[in-house]
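Presented below is the structure to which this report refers.
The model shown is predicted, which means the values in this text are computed figures rather than measured ones.
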Amino acid sequence: MAGFSVQRYAPERSAFAKLTARDSVLRRLDWPLLLSALALCLIGSLLVWSATRNRTNINQGDPYFFLIRHIANAGIGLCLMVGTIWLGHRTLRGAVPILYGLSILMLLAVLSPLGATVNGAHSWIVLGGGFSLQPSEFAKIAIILCMAMLLAARVDAGDQLHPDHRTVVKSLGIALIPICCIMLMPDLGSTMVILVIILGVLLASGASNRWIFGLLGAGVVGAVLVAALGILDKYQINRFAAFANPKLDPAGVGYNTGQARIAIGSGGLTGTGLFKGSQTTGQFVPEQQTDFVFTVAGEELGFVGAGLIIVLLGVILWRACRIARETTELYGTIVAAGIIAWFAFQSFENIGMTLGIMPVAGIPLPFVSYGGSSMFAVWVAIGLLQSIRVQRPITA
């Protein structure tokens, strides 16, 4: 019939078809990245349980106290990851100023009467009910996102090939404010991680190499000034002294690293068996569920178990590097690079201090150590990486 046309309707895809379609979120997720992080959380749960089940002085008489809380922290972290993927790193790009402002407010709250001291570091906000928050963990994310937004703005818009000097200065100024707050706590470990993050971000942004070498030189000068001006607490200075000379005070400041080496060395190839480590059961290693959790793996799971943790961390870094390389926008590349620098250095520092090849700095092992703030932050970072992968264009 003239003037009559048949309108064709595409059939509605089933729920299963939507989930398995080539453009679905599930299909586009980086599963090796996700599964490696989940495996680390599972291993961490066992290690935290082993380290705390007999410590009645901290587990309130419940051997499952830390295990349940660690699993709950991981569950909340997974929800944060899903929320981050759902919002998307591009949506969060518009909210970066708000996120940065909130992180600064939280850091300032730590320096106020709301702050609390844990293990010598005035880095916490006590929320009540046994819960506390460490804002420096979330400051890492805020710094990565804010620097990425500034450094990539004109490049992604096509106005520049690389960030100019003025943009680099602005991004460094943005990072300097939280660094100063964290140093006033003082939290040397978080400061070290953030400085490495800054270097990673600048390298990925394509900024001039003069900035990289200049920052390295400034870091050396800054370390000398910090020591000369007495900004660090005495216990932090003693940690570096013990690192330089392990025999300086083996019963005092060098006790932690000494016991950590004994625990890891006694594990051998396959370990003594879960819950059967004499150093762990005897409670000889302090803070074994947090900063020194790797010693439980070394003693009870041996070289094989400790090596598995390192391999899983390596897989996360490998997948993150692949995501950074394959994204088509500089903003995504910089965000991924900042997370890579964060995870790589923090893992190396944490494992290194248990082996005696790095000074004790009091930073957790990502996904493995007990701690809500750290767990939440690293899962948000995984969500950002997944979002960068999910939102990249599909190639034919």
Side-chain angles (χ1 to χ4, degrees), residues 25-26 28-45 48 66-107 109 123-125 127 129-146 148-149 178 190 193-194 197 290 312-313 316 319-320 323 331-332 335-336 338-340 342-343 346-347 363-391:
V25 173
L26 287 181
R28 304 194 72 190
L29 286 177
D30 192 311
W31 285 101
L33 173 67
L34 178 58
L35 293 176
S36 296
L38 286 171
L40 285 172
C41 284
L42 177 60
I43 295 172
S45 298
V48 167
F66 282 93
L67 172 63
I68 294 172
R69 291 166 73 94
H70 187 78
I71 294 174
N73 288 337
I76 296 172
L78 277 169
C79 293
L80 291 173
M81 180 201 72
V82 172
T84 303
I85 297 172
W86 179 71
L87 287 173
H89 68 289
R90 292 172 184 164
T91 301
L92 289 173
R93 185 175 187 171
V96 163
I98 298 174
L99 297 175
Y100 177 81
L102 289 174
S103 71
I104 297 300
L105 288 177
M106 287 195 295
L107 290 173
S123 308
W124 303 82
I125 299 174
L127 303 177
F131 294 95
S132 57
L133 195 68
Q134 189 176 13
S136 58
E137 292 293 335
F138 303 102
K140 298 171 186 175
I141 299 173
I143 289 172
I144 291 172
L145 292 176
C146 202
M149 181 189 70
S190 295
V193 174
I194 290 174
I197 287 173
T290 54
L312 290 171
L313 288 168
I316 289 175
R319 301 306 297 183
I323 289 171
Y331 175 72
V335 171
I339 294 171
I340 292 166
W342 167 14
F343 284 6
Q346 189 159 316
S347 300
I363 57 177
L365 185 60
F367 304 100
V368 182
S369 293
Y370 174 79
S373 299
S374 173
M375 186 67 78
F376 303 158
V378 294
W379 275 112
V380 169
I382 293 295
L384 288 169
L385 290 172
Q386 295 285 13
S387 172
I388 295 168
R389 176 180 169 83
V390 167
Q391 294 189 13

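Annotation for Ala37 and Trp379: closest pair CB-CH2, 3.5 Å, computed over non-hydrogen atoms. Between Phe138 and Ala377, the shortest heavy-atom distance links the atoms CE2-N, 4.4 Å. The two residues Tyr370 and Arg69 make their nearest non-hydrogen contact at OH-NE, 2.9 Å. Looking at every heavy atom in both residues, Gly44 comes nearest to His70 through C-NE2, 3.7 Å. Between Pro97 and Met149, the shortest heavy-atom distance links the atoms CD-SD, 4.4 Å. Closest approach of Ala139 to Leu107, counting heavy atoms only: CB-CD1, 4.1 Å.
Summarising the geometry, atom CD1 belonging to Ile339 is positioned 5.5 Å from atom CD1 belonging to Ile144; distances are rounded to the nearest 0.5 Å. Interatomic distance, CD of Gln386 versus CG of Leu34, reported as 6.0 Å (0.5 Å rounding). Separating the CD1 atom in Ile141 from the CG atom in Leu384 is a distance of 6.5 Å, to the nearest 0.5 Å. For the atom pair CZ of Phe376 and CD of Glu137, the computed distance is 11.0 Å after rounding to the nearest 0.5 Å. Here the straight-line distance linking atom CD1 of Ile323 with atom OG of Ser387 works out to 10.0 Å at 0.5 Å rounding. Taking CD1 of Ile194 as the start and CD1 of Ile143 as the end, the distance is 4.0 Å to the nearest 0.5 Å.
Residues Thr290 and Phe66 have side chains not in contact (no heavy-atom distance under 4.5 Å, counting atoms from C-beta outward). Proximity of Ile316 to Phe367: side-chain heavy atoms (C-beta onward) are separated by under 4.5 Å at one or more points. Side-chain contact between Ser373 and Leu133: present, with at least one pair of heavy atoms (C-beta onward) separated by less than 4.5 Å. For the pair Val335/Ile388, a side-chain contact is recorded, criterion being any heavy-atom separation below 4.5 Å from C-beta on. Met375 has its side chain within reach of Cys41: a pair of non-hydrogen atoms, C-beta onward, lies under 4.5 Å apart. Two residues are said to be in side-chain contact when any heavy atoms from C-beta on lie closer than 4.5 Å; Ile125 and Ser132 fail this criterion.
Checked against salt bridge (charged side-chain N to carboxylate O under 4.0 Å, His left out), Arg93 has the following partners two or more places apart in sequence or in another chain: Asp156.
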Q) Passes side chain to side chain contact (heavy atoms under 4.5 Å, CB included), Leu385 versus Asp30? Steps please. A) CA-CA 9 Å; Leu385 290 172; Asp30 192 311; over 6 Å; no
Q: Check the pair Phe343 / Val378 against side chain to side chain contact (heavy atoms under 4.5 Å, CB included), numbers first and verdict last.
A: CA-CA 8 Å; Phe343 284 6; Val378 294; 3.8 Å; yes
Q: For Leu313 and Leu365, run side chain to side chain contact (heavy atoms under 4.5 Å, CB included): C-alpha distance rounded to whole Å, both residues' side-chain angles, the deciding distance at 0.1 Å, then the answer.
A: CA-CA 10 Å; Leu313 288 168; Leu365 185 60; 4.0 Å; yes
Check: residues 78-87 side-chain donor-acceptor pairs under 3.5 Å, at least two apart:
unit_1 : atom_1 : unit_2 : atom_2 : d
Thr84  : OG1    : Leu80  : O      : 2.7

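A donor-acceptor contact shorter than 3.5 Å links the side chain of Ser36 to the backbone of Pro32. Checked by atom type and distance alone, the side chain of Arg389 pairs as donor or acceptor with a backbone atom of Arg28 at under 3.5 Å.
Relative orientation of the His89 and Tyr331 rings is parallel, given thresholds of 30° and 60° on the angle between their planes.
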